[in-house]
Amino acid sequence: MHVSATQASAEEVLRRSLEVLLEAGSAFKFAATLDHVAALNGRNTSRGHSGKFITIYPRGDDEAVRLAAELHRATAGLPGPRILSDRPYSRDSLVHYRYGAFVEERRMTNDGFYAWMILDPDGNPVEDRRTGTYTPPSWVRCPFPDNGMNVARRSGGGGDEVLIGSRFAVKEAIRHTNKGGVYRAVDAETGDPVVIKEARPHVAADREGRDTRDRLRAEFRALEMVQELGLAPRPIKLFTQGGHLFLAEEMIPGSTLRQWVVDLIGAEGWGPHLARASEMARRLAGLVIGAHAAGLVVRDFNPNNVMVRPDGTPVMIDLELAVTADDPRDEPTAGVGTLGFGAPEQMDGAPPRATADYYGLGATLCYVLTGGPPYFLADRPPNRLVADRLAEWLTARTQDVELPASLTAMLVGLMADEPERRWTPERAVEVLARCTPSTGPGQGAGLVSLDAGGDEDRPEPGWLRAACDRAIEGITDQLLATMQPESAQTLWPASCAHGAPDPCSLQHGAAGCLGALVRCYQHTADPRLQEGIGTGARWILERLETDAKRPPGLYFGTAGAVWAVLEAGLAIGDNGLVDAAVAVAEGLPPSAPGPDVTHGTAGLGMTALHLWDRTGRGEFADRAGAAADALIASAEERAGGLAWRMPADQDSKLAGKSYYGFAHGISGVGYFLLAYGEAAGRPDCRTLAVRVGEHLLDEAVITPRSAMWGAGSGDAPTAPYWCHGSSGIGTFLIRLGSATGAARFTRTGEMAARAVAGNAWRAVLGQCHGLSGNGDLLLDVAAFTGDARYRAAAWRFGRIILANRAHRDGRVVLPDERGDVTTTWGDGLSGILAFLVRLRHGSPRLWMSDAALLGTAASLAGTMGRTS
């Protein structure tokens, strides 16, 4: 059972509840501070976890029913949000209940994440899904009194049409968040399409009791103030239904400014983008000028809160944080905004000021002009001005673009540290009116060009190498400082953004971090690392033994942990670790239900191939061969090409799907078949790998400058990342070209690298979906072709990454794709560290079975380009 509360009511709810709970003797827990209460009730808190101020674990049904009644009476009349995963004891009650797991009954899924389990009447495990809907198991009899709560409610899904506000027919939900939904609807009175925003009672309530409804009322007032100016949607009606507040407003056709920038760069390239982006920048500055002239302080001006009409006109949306400049009573709450776009003083809780909007405008223009948000993690202690960090960041992100100095000065001026020194939007408009960016030599390709000319033959500057060395040392310091070997749960603090991951896994757990530290030790001989590496490897082995029920895969299972521990033992000369890793590896299956690199047979084959190379033990050669045979047997002939898929009956998010990419698709399978075929002298594997390559060439979307792919058959080209796009597919093709001497594969691999270079404006830094994984492809192409241009481009990627660093107590951290600091391989610090070490020291790429291919590359270097 749960009892909800707001910041304003939490102390009284707890006081009254304790009178019941302490006498009852049932176990319970509660949020320890008001800050925790605020986090539980936040606007964007998970709908399956929000609102649960007190959690009670009754000893049986009778006690649950009695406690619910007593707690309901004790807390009646106090405010608290509805808990969406539960059923309320009665309408407007703070007491809620759900059927779920009390004890730590977790099981690892086939995808490598923990799931909470309950047992059905036959003793079979069933996942306890914690979602934003009350969904009791089918076999459960509800012991609680009805209290009017067992009435079926229409969801509006499945084609149902729901009429709200007596005139708005809801067609579909745009999104659901904890604060309420946003819906597409039709105004029955006019026939016009409208957007309806919902505010749930008591969500995100502050200590004075103001909540999301107050913000929606503030947004309605703001829209009324500017409705004649065309700056924002026209407000239609503010109304209450079922205790929830709704705002109906004009629907603005088009796309968000964030998507407009992505689409523009993708369609027109960098040179045309800059010219159109400068024109959009003038219009955006005009929006802020207009809002201020109408008496508003916007407080949340960012690319997601601006729609661009089909004719290119920008319109502000989501004015829920806007306040009038001269009436502080209109201020819903302090310390709000969007990370990366909210002025520092506003995020710290300063009163609303127009100068904070200058900062938000500057950050938005940074995104429009460079394609990336200027998101800076805080330095602790503060030791650099935002203006200095921004200047470094802009220089790094526009290395191959002739961005006029006046535009750089404008952006730095708008985002000045001291609010009173910031440029006004009017001054920005003057600069933009005089400035028309021109297309330089490399601007047609992107922010990082492979055609800049001249620099590829020069070594990277000494200051950049020194900066890279400092970052490697600082990230290493951070990883060592945040290790927690005394924990039985995780070796490094875990991010649950993707779920509850296997703490030993390569992608999200300790193996990826350990692998990066080992590679760092191999090149730097940092004496601090030896002890940490041994400690980390032993922790993984202990956890593998005590929690053995995990999938076998390379990135999401035991194989990746084995690989990391083996390398740790070899690096520090600990034969015990080597023997332990080999012993665990002997228990791995040769194949898995799925075919891919991350979860399945290709990854198991790569692991066996790596162990064969590193230990010389023939049994691992046999295992690699068994994996290859399994893949040959499971290949499907489809539309003139080959496909592999996860079986449809497999309990996995990948079930029944077939992809092109390296992580989950045919290019990863083709890579393993090629690597094993070259190592074992198996021409059938090499032949099949060539067929995979031919199919990928047939499916490529080729432009004069690049090659890109969709995630799978019939899909539009996706962003060029390792997981699903050009980065991972190029990883395979460049090796296939090197091994076979076939120029068509090498050429397309290079075109994939050009797609990667042309997309350097994408701001994520990590391995799976970011600059580090993409930079690794550039280093691959340089290694397999000998073309120094790709290494130079990889260094420019490194410079962009370094410009995003923050300093924390003398250590270095970088943001993951959600703006957090995580240590993981896939999107956190360890994957970035591995790329920087490889960039600086020229090491082979981690988690690849390249030994035979690198030898082949050397022998075929003279034939490249002559064989078709």
Give me the ring orientation class for His769 and Tyr721: parallel if the planes are under 30° apart, tilted from 30 to 60°, perpendicular past 60°.
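Rings of His769 and Tyr721: perpendicular, as their planes differ by over 60°.
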
Between His176 and Tyr183, how do the two ring planes meet: parallel, tilted or perpendicular, split at 30° and 60°?
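Perpendicular, since the angle between the ring planes exceeds 60°.
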
Residue list, side chain to side chain contact (heavy atoms under 4.5 Å, CB included) with Glu249, at least two apart or on another chain:
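In terms of side chain to side chain contact (heavy atoms under 4.5 Å, CB included), with neighbours along the sequence ignored, Glu249 is linked to Val195, Lys197, Glu219, Leu223, Pro233, Leu247.
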
So how far is it from Met415 CE to Leu411 CG, rounded to the nearest 0.5 Å?
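Answer rounded to 0.5 Å: 8.0 Å.
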
Drop me the distance from Leu778's CG to Phe835's CZ, to the nearest 0.5 angstrom.
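It comes to 7.0 Å.
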
Determine, step by step, whether Arg309 and Asp311 satisfy the salt bridge (charged side-chain N to carboxylate O under 4.0 Å, His left out) criterion, reporting the C-alpha distance in whole Å, the side-chain angles of both residues, the deciding distance to 0.1 Å, and the verdict.
CA-CA 5 Å; Arg309 293 182 183 272; Asp311 66 0; 5.6 Å; no

Determine, stepwise, if the pair Thr370 / Leu394 fulfils side chain to side chain contact (heavy atoms under 4.5 Å, CB included).
CA-CA 8 Å; Thr370 75; Leu394 285 169; 4.1 Å; yes

Any side-chain heavy atom of [X] sitting closer than 4.5 Å to one from [Y]?
{"X": "Trp761", "Y": "Arg397", "value": "yes"}
{"X": "Val194", "Y": "Ile236", "value": "yes"}
{"X": "Asn304", "Y": "Ile317", "value": "no"}
{"X": "Met307", "Y": "Leu257", "value": "no"}
{"X": "Leu390", "Y": "Phe376", "value": "yes"}
{"X": "Asp827", "Y": "Cys768", "value": "no"}
{"X": "Arg791", "Y": "Leu779", "value": "yes"}
{"X": "Arg762", "Y": "Pro720", "value": "yes"}

Give a yes or no on whether the backbone of [Y] and the side-chain of [X] come within a donor-acceptor separation of less than 3.5 Å.
{"X": "Tyr375", "Y": "Gly819", "value": "yes"}
{"X": "Thr364", "Y": "Phe301", "value": "yes"}
{"X": "Asp379", "Y": "His807", "value": "yes"}
{"X": "Asp357", "Y": "Val298", "value": "yes"}
{"X": "Arg805", "Y": "Leu802", "value": "yes"}
{"X": "Arg184", "Y": "Pro193", "value": "no"}
{"X": "Arg799", "Y": "Gln399", "value": "no"}
{"X": "Glu224", "Y": "Pro235", "value": "no"}
{"X": "Asp816", "Y": "Val821", "value": "no"}

In a check of side chain to side chain contact (heavy atoms under 4.5 Å, CB included) between Thr177 and each of Thr212, Val182, Asn44, which one passes?
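The single option meeting the side chain to side chain contact (heavy atoms under 4.5 Å, CB included) with Thr177 is Asn44.
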
Does Arg422 qualify as a cation-pi partner of Tyr359, given the criterion of NZ or CZ under 6.0 Å from the six-membered ring centre and within 45 degrees of its axis?
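Because its charged atom misses either the 6.0 Å distance or the 45° angle limit, Arg422 does not stack over Tyr359.
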
Donor-acceptor side-chain pairing of Thr785 and Asp787 below 3.5 angstrom
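No - no donor-acceptor pair under 3.5 Å links their side chains.
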
